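Written out below as structure tokens is the structure these notes cover.
Just so it is clear: chains get the letters A, B, ... in the order the sequence lines come, proteins before strands, and each one is counted from 1. On a predicted model such as this, the values are computed, not experimentally measured, just so you know. Just the heavy atoms: all of them, side chains too, but no hydrogens, waters or symmetry mates, feed the values below.
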There are 2 protein chains.
Amino acid sequence: MTKLSIEDLAAELIRKIEAGDIGNEQGKMPSERELLAIYPVSRYTLRQALNKLSKMGWIYQMQGRGSYIRFHNNQKPTIEQGDLGFNEDLTRGEKNIRTVKASKRLVKVSEALFLPSQKQFAKDQHFIEVQRFRTLDDKPYLIERSYYIPEIVGEISETMMEGSMFQALAEEKQLTVAFIDKFIQSKPLSQEQAAFFHLEEGMPALIVRDDSYLRNGELLAFSMIHYDYRMATLYMHKKLFV
Amino acid sequence: MTKLSIEDLAAELIRKIEAGDIGNEQGKMPSERELLAIYPVSRYTLRQALNKLSKMGWIYQMQGRGSYIRFHNNQKPTIEQGDLGFNEDLTRGEKNIRTVKASKRLVKVSEALFLPSQKQFAKDQHFIEVQRFRTLDDKPYLIERSYYIPEIVGEISETMMEGSMFQALAEEKQLTVAFIDKFIQSKPLSQEQAAFFHLEEGMPALIVRDDSYLRNGELLAFSMIHYDYRMATLYMHKKLFV
DNA sequence: AAGTGGTCTAGACCACGGG
DNA sequence: CCGTGGTCTAGACCACTTG
């Protein structure tokens with residue numbers, strides 16, 4: 001129990017909640033005063049950690065009563081393979097996602113099938129277009145089309161295209177995504193898209209459009225993912241009033 | 001400029017950003033020290049307000065550089081009528097949503113078409129089922145099916161069913177939603193649903209499933225909304241690392 | 001009245017970015 | 001090096017819930 005930061009404390013509390021090592025039979029957490037007697041942090045640090053937990057949906061806090069664990073007896077929400085956590089939330093567990101087909105090419109602005117909602121580009125701007133067909137547990141799961149800004153990402157190797165692009169960009173090039181604008185829609189599948197999912201043309205797809213930005217506010221990439229509607233559920237916990 | 005709270009300060013800053021009354025030509029906000037010289041608050045209060053702005057997507061902050069306004073010259077994201085803000089975010093403006101058809105009845109657990117992801121109910125539990133067909137700018141927009149817990153909401157009047165149910169419940173019965181679990185999917189429309197949208201059976205719908213909870217953690221209602229895929233886009237700003 | 005979480009202040013030191 | 005935002009502490013008072 002040395003040198004607890006907000007992150008550490010939040011992780012520690014989540015660990016205890018998951019293990020059932022904290023809270024009484026009714027799911028009531030120790031009070032803040034009690035927690036402060038356990039963990040050598042200031043109330044500010046504790047409350048930041050608790051706030052993080054409540055934003056993630058692990059607990060809820062009630063003025064005058066205390067903090068309560070959600071899902072203390074019964075299980076966590078039935079998050080299945082294929083479900084997508086939209087906050088850094090209750091979604092856990094490894095996903096067995098693989099890339100079965102990928103292509104990459106340099107395109108001009110005018111050749112992009114869509115553009116980010118904000119940025120204006122010079123006419124001679126180019127993008128690295130990456131298209132990937134990916135499976136979840138060996139079943140067709142998603143089709144992704146992404147455009148990366150070449151001046152920022154540099155070269156994209158074949159190995160990077162196998163797994164998580166953003167994880168690879170973070171590890172290999174210290175390019176960390178700081179915030180994302182997301183647009184969620186549903187549209188009919190084209191014939192080519194439907195073929196990958198073994199569906200018919202015109203059947204639904206769940207579509208997620210992302211514009212990903214670096215810490216310095218620069219656009220890193222923008223993408224569109226079509227999910228097989230039978231396999232994908234986006235999950236979100238929304239805390240109001242904070 | 002009297003008695004500024006976090007909420008007040010955040011609102012004030014947003015107002016100034018929208019009016020273009022703050023930030024230099026490059027969209028750089030005054031530094032925290034400078035803002036503290038303007039507003040009579042502690043750094044904690046200021047930073048909570050700034051944090052709120054950055055979670056909403058108004059600004060981004062960069063250690064060592066400063067805070068920057070997004071969309072300072074160009075406009076805000078092209079949020080159109082029908083677009084749904086998923087945080088309390090950049091989405092603004094009035095939506096002209098009307099209920100064109102509504103029905104209400106008391107049903108048993110076994111009659112519900114779906115159930116919340118968590119809660120177990122007694123066999124004799126009843127729900128108030130509300131189904132509403134709603135338009136946006138007089139065009140078919142969504143079909144909503146909600147189940148309210150009668151022991152909590154009491155009576156639901158006809159007038160409540162016209163507008164926002166949660167707003168009515170908050171104003172008339174002091175029932176305030178504190179957090180929501182959301183599940184987003186896409187599925188083919190049934191024939192009846194499709195008819196309302198003037199679409200064909202099997203065409204896509206964007207579906208939002210909500211479980212709404214009160215401050216005390218009690219489930220207030222759960223619902224499912226089918227949106228006309230041509231009109232609905234969910235917008236979300238996601239800030240990482242906080 | 002007692003105990004809970006919610007808000008706010010004042011101050012310190014740290015980590016990062018850019019001259 | 002300086003100025004920036006990021007983290008953390010200690011302490012005070014307020015608002016709400018419950019007995």
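- Phosphate contact (OP1/OP2 of D:dT4, side-chain N/O of B:Q61, threshold under 4.0 Å): absent.
- In this structure, CZ of B:R215 is placed 15 Å from C1' of C:dT4, rounded to the nearest angstrom.
- Between A:R65 and the phosphate of D:dC16, there is no side-chain N or O to OP1/OP2 separation shorter than 4.0 Å.
- Atom CG of B:L50 is separated from atom P of D:dG6 by 9 Å (rounded to the nearest Å).
- OP1 or OP2 of D:dG5 lies within a sub-4.0 Å distance of a side-chain N or O belonging to B:S67.
- Taking the six-membered ring where tryptophan is involved, the planes of B:Y68 and B:Y60 are essentially parallel, since the angle between them stays under 30° and well short of 60°.
- Here C:dG17 is the nucleotide among C:dG5, C:dG17, D:dG6 with the atom lying nearest to any side-chain atom of B:M62.
- A salt bridge between A:E18 and A:R15 is absent, with no side-chain N of the basic residue lying under 4.0 Å from a carboxylate O of the acidic one.
- Counting to the nearest Å, the P atom of D:dG6 and the CD atom of B:Q48 are 12 Å from each other.
- At D:dG6, one or more side-chain N or O atoms of B:R47 fall inside 4.0 Å of OP1 or OP2 (strictly under the cut-off).
- Annotation: B:K108, atom NZ; neighbour count of heavy atoms from other residues, nucleotides and ligands within 6.0 Å does not exceed 12.
- A residue-by-residue look at B:P30 and B:Y44 shows that B:P30 has its nearest nucleotide of DNA chain D further toward the 5' end.
- Contact check, A:S42 against D:dG11: no side-chain N or O comes under 4.0 Å of OP1 or OP2.
- The heavy-atom pair separating B:T99 from B:E162 by the smallest distance is OG1-O, 2.7 Å.
- Summarising the geometry, the separation between CG on B:L214 and C1' on D:dT17 is reported as 16 Å, rounded to the nearest angstrom.
- As a whole-Å value, the separation of A:E32 CD from C:dG5 C1' is 5 Å.
- The side chain of A:S31 contributes an N or O atom lying less than 4.0 Å from OP1 or OP2 of C:dT4.
- Nearer to the 5' terminus of DNA chain C, by closest-nucleotide assignment, is the contact made by B:T45 (compared with the other of B:R33 and B:T45).
- Of the candidate nucleotides D:dC13, C:dA12, C:dC8, C:dA12 has the atom nearest to the side chain of B:R43.
- Remark: P of D:dT4 and NZ of B:K28 are 6 Å apart, rounded to the nearest angstrom.
- Atom C1' of nucleotide C:dG5 and atom CG of A:L36 are separated by 12 Å, given to the nearest angstrom.
- Within the model, atoms CD1 of A:I17 and CD1 of A:I69 stand 5.0 Å from one another, a figure rounded to the nearest 0.5 Å.
- A:N51 has its CG atom 9 Å from the P atom of C:dT7, to the nearest Å.
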